[in-house]
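See structure below.
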Amino acid sequence: MSIKPLIILPDPVLRLVSKPVERFDAPLRKLSGDMLETMYDAPGIGLAAIQVGEPLRMLVIDLAKEDEPKAPQVFINPQIVERSDERSVYEEGCLSIPDYYAEVERPATVRVKYLDLDGKPREVTAEGLLATCLQHEIDHLDGVLFIDHISRLKRDMVVRKFRKLAKDRPPSRMAV
Ligand code: GNR
Ligand code: NI
């Protein structure tokens, strides 16, 4: 397994719409392992494939606390099939927008259909942090970032700041 460089705002790759996974093979397992290792290293609680430059509809999540055993979860071709009317607000962050945090309101509960690494259909009803994290990650698969859910004023400020930062550093994908 290996740690991959993270794609950072304002890289246009983050705006791509990812393609469904069709092959449940060794390279897919390798990618999911690399994504988990990259997420643990960051550290983060979730990661979408596009954040390491792979436009595939796949995401990983681990909500285990530091003193708990690892609990990696892989979601392939996930689809939200039901959203609660009830909303909840979480302070969100994103590994592709380092050190920026903002409150986002989303459905409190979602039902998600997805495939596991063997291509087997699965379903989960998620609430709390898992619901928020799944929605944040599934947004990534459609090129949507959590800053798209905050006010335009705040979003413009963040994007401007990251554009400036990008000018002072070489594109991360060249830094291999
Ligand atoms: O590590 C992460 N923490 C987080 C906190 C609140 C809501 C969503 C997240 S996901 C984020 C990792 C990330 O950027 N995933 O795409
Ligand atoms: Ni993110």
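We count ligands from 1, going down the list as the structure has it; atoms in each ligand are counted the same way. Index from 1, following the sequence.
Near His140, meaning under 4.0 Å from any of its heavy atoms, are these atoms of ligand 1: 16 (O). Close approach to Cys94 involves these atoms of ligand 1, each under 4.0 Å from a residue heavy atom: 14 (O). Atoms of ligand 1 found under 4.0 Å from any heavy atom of Gly44, numbered from 1 in the order shown, are 1 (O). Of all the atoms in ligand 1, the ones that sit under 4.0 Å from a non-hydrogen atom of Glu91 are 6 (C).
Not one N or O on the side chain of Asp11 forms a donor-acceptor pair closer than 3.5 Å with the backbone of Leu14. Proximity of a side-chain donor or acceptor of Glu127 to a complementary backbone N or O of Thr109 within less than 3.5 Å is not detected. Judged by distance alone, with hydrogens and angles left aside, the side-chain atoms of Arg87 form a donor-acceptor pair with the main-chain N or O of Asp85 at under 3.5 Å. Judged by distance alone, the side chain of Asp25 and the main-chain N or O of Leu28 form a donor-acceptor pair under 3.5 Å.
Where the criterion is an N or O separation shorter than 3.5 Å, residue side chain and backbone included, Thr132 fails it with respect to ligand 1. At under 3.5 Å, a nitrogen or oxygen of Ile45, whether backbone or side chain, sits near a nitrogen or oxygen of ligand 1. In terms of polar-atom proximity, Gly46 is counted as a contact of ligand 1, with an N or O under 3.5 Å from an N or O of the ligand.
In this structure the side chain of Asp116 never reaches within 4.5 angstrom of the side chain of Ile76, judged on heavy atoms.
With respect to atom 8 (C) of ligand 1, the closest heavy atom belonging to the protein is His136 ND1, 3.6 Å. Nearest protein heavy-atom neighbour of atom 10 (S) of ligand 1: Glu137 OE2, 3.5 Å. Among protein heavy atoms, atom 11 (C) of ligand 1 sits closest to Gly93 O, 3.6 Å. The shortest contact between atom 14 (O) of ligand 1 and any protein heavy atom is with Leu95 N, 2.8 Å.
At a threshold of 4.0 Å, the pair Lys161-Asp156 does not count as salt-bridged, since none of the basic side-chain nitrogens sits closer than that to a carboxylate oxygen. A salt bridge links Arg106 and Glu92; the closest N-O separation between the charged side-chain nitrogens and carboxylate oxygens is under 4.0 Å.
With sequence neighbours left out, the side-chain hydrogen bond (donor to acceptor under 3.5 Å, both in side chains) criterion links Asp118 to Arg29.
Looking at His140, its N, O or S atom nearest to the Ni ion (ligand 2) turns out to be NE2.
Taking the six-membered ring where tryptophan is involved, the planes of His136 and Phe146 are essentially parallel, since the angle between them stays under 30° and well short of 60°.
At a heavy-atom distance under 4.0 Å, atoms from both the backbone and the side chain of Glu92 approach ligand 1. Neither the backbone nor the side chain of Met39 comes within 4.0 Å of ligand 1, counting heavy atoms alone.
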